[in-house]
Amino acid sequence: DGKYAEALDLFEKMLDLGENPEIYYNIGYIKTVKGDYAAAIEAFRKATQLDRYFAKAYEAMGRAYKALGRTEESMQSMKKAADIYMGSRKEEQAEGVLNEILEQNPETLNVYNTLGVLYRKRGDYQAALEQYKKALKIHPDQPKVYYNVGRLHVDLKDLEKAKLSFEKALALDPDFKEAREAMDAIEFGKV
């Protein structure tokens, strides 16, 4: 109802009973609404210190950093939120956060790669391939992206293209264990 001062007072009193990440998140939310982004960031940071998997707090912290014009910190916080969402199978939330990062900086390699992984897991192989292509256009020397393209081609049962992608990954990083294992699986007919 817009009674932010009363709510803030109540949440701060609740902290006297014990620290809780949700309380800090709510304090951060109120501080954000009031435009006190530095204090909001501090509250969100405390929430994530108490619960390092609190994706909503990382996401909100990223938006507060963005409001202060601190783009790098914003993208780091948002990426952390997206990674947590991905790890907990909340792909829709992850996708929204990743797209928000791309609005800030369309040259962000890890975001395109992560979106590719997300779309591949959903079975949207064309969308995944498009994201991987964007990642490679920005940074054509990333073995992890070639590895992910290879995995996509394995899913599509196109083992020749998969092999070529794994070979590119290994050419860039001869010690890339997962790419070597994938190549061996293809060569020994275990795929």
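One-based numbering along the sequence shown. None of the values given here were measured: they were computed from a predicted structure.
Contact of the Lys168 side chain with the Tyr147 side chain is not registered, since no non-hydrogen atoms from C-beta on lie closer than 4.5 Å. Between Val145 and His139, every side-chain heavy-atom pair lies at or beyond the 4.5 Å cut-off. Counting heavy atoms from C-beta on, the side chains of Leu15 and Phe11 never come closer than 4.5 Å. Counting only heavy atoms from C-beta outward, the side chains of Tyr58 and Met78 never approach each other to under 4.5 Å. Within the 4.5 Å cutoff, the side chain of Leu68 has heavy atoms near those of the Ile41 side chain. In this structure the side chain of Glu187 reaches within 4.5 angstrom of the side chain of Lys163, judged on heavy atoms. Between Tyr132 and Arg120, some side-chain heavy-atom pair lies under the 4.5 Å cut-off. The side-chain heavy atoms of Ile101 and Lys79, taken from C-beta on, include a pair separated by under 4.5 Å.
Remark: Lys3 does not engage Glu6 in a salt bridge, criterion side-chain N to carboxylate O under 4.0 Å. Taking the charged nitrogens against the carboxylate oxygens, Glu178 and Arg151 have no contact shorter than 4.0 Å, which rules out a salt bridge. The existence of a salt bridge linking Glu130 and Lys134 is excluded, since no basic side-chain nitrogen approaches an acidic carboxylate oxygen closer than 4.0 Å. Under 4.0 Å is where a charged nitrogen must lie from a carboxylate oxygen, and between Arg45 and Glu42 at least one such pair does.
Side-chain contact, Glu72 with Tyr65: no donor N or O sits under 3.5 Å from an acceptor N or O.
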Begin from the C-alpha positions of Met14 and Glu19 and carry the test side chain to side chain contact (heavy atoms under 4.5 Å, CB included) through to its verdict. CA-CA 8 Å; Met14 290 172 75; Glu19 291 189 313; over 6 Å; no
- Leu118 and Gln131: CA distance, side-chain angles, deciding distance, side chain to side chain contact (heavy atoms under 4.5 Å, CB included) verdict: CA-CA 10 Å; Leu118 185 146; Gln131 296 303 316; over 6 Å; no
When you look at Lys80 and Asp83, which way does the side chain to side chain contact (heavy atoms under 4.5 Å, CB included) test go after all the steps? CA-CA 5 Å; Lys80 178 76 174 169; Asp83 290 344; 5.6 Å; no
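A pairwise comparison of heavy atoms in Ala7 and Ile30 identifies CB-CD1, 3.7 Å as the closest pair. Of all heavy-atom pairs between Asn110 and Thr114, the closest is O-OG1, 2.7 Å. Residues Pro106 and Ile138 approach most closely at O-CD1, 3.7 Å, considering heavy atoms. Between Gly150 and Ala162, the closest heavy-atom pair is O-CB, 3.4 Å.
Expressed to the nearest 0.5 Å, how far CG of Asn26 lies from CD of Glu12 amounts to 12.0 Å. The CZ atom of Arg63 sits 11.5 Å away from the OG atom of Ser77 when rounded to the nearest 0.5 Å.
Counting heavy-atom neighbours within 6.0 Å of Arg52 CZ, excluding the residue itself, gives a total of 12 or less.
The cluster map of Ile, Leu, Val, Met, Phe, Trp and Tyr, joined by side-chain heavy atoms under 4.5 Å apart, puts Leu152 and Met86 in the same cluster. Criterion: ILVMFWY side-chain heavy atoms under 4.5 Å apart, direct or through other members. Under it, Val111 and Tyr119 are part of a common hydrophobic cluster. Residues Leu129 and Leu136 fall within the same hydrophobic cluster, defined by Ile, Leu, Val, Met, Phe, Trp and Tyr side chains chained together at heavy-atom separations under 4.5 Å. Side-chain heavy atoms closer than 4.5 Å link hydrophobic residues (I, L, V, M, F, W, Y) into clusters, and following such links, possibly through other members, connects Val154 to Phe176. Both Tyr125 and Leu115 belong to a common hydrophobic cluster when Ile, Leu, Val, Met, Phe, Trp and Tyr are linked at side-chain heavy-atom distances under 4.5 angstrom.
When each of Asp175, Leu170, Leu172 is paired with Pro143, the side chain to side chain contact (heavy atoms under 4.5 Å, CB included) condition holds for Leu172 and for no other. Test Lys90, Glu91, Glu59 against Tyr85 for side chain to side chain donor-acceptor pair (under 3.5 Å) and you get one pass: Glu59.
Distance alone, capped at 3.5 Å, places no donor-acceptor pair between the Tyr29 side chain and the Ala57 backbone. At least one donor-acceptor pair closer than 3.5 Å links the side chain of Thr32 to the backbone N or O of Gly28. Between the Asp9 side chain and the Ala5 main chain, no donor and acceptor come within less than 3.5 Å of each other.
Residues forming a side chain to side chain donor-acceptor pair (under 3.5 Å) with Tyr146 (at least two apart in sequence, or on another chain): none.
The ring-ring contact (aromatic ring centres under 6.0 Å, His included) contacts involving residues 36-56 comprise Tyr25-Phe44, Tyr25-Phe54, where partners must be two or more places apart or lie in separate chains.
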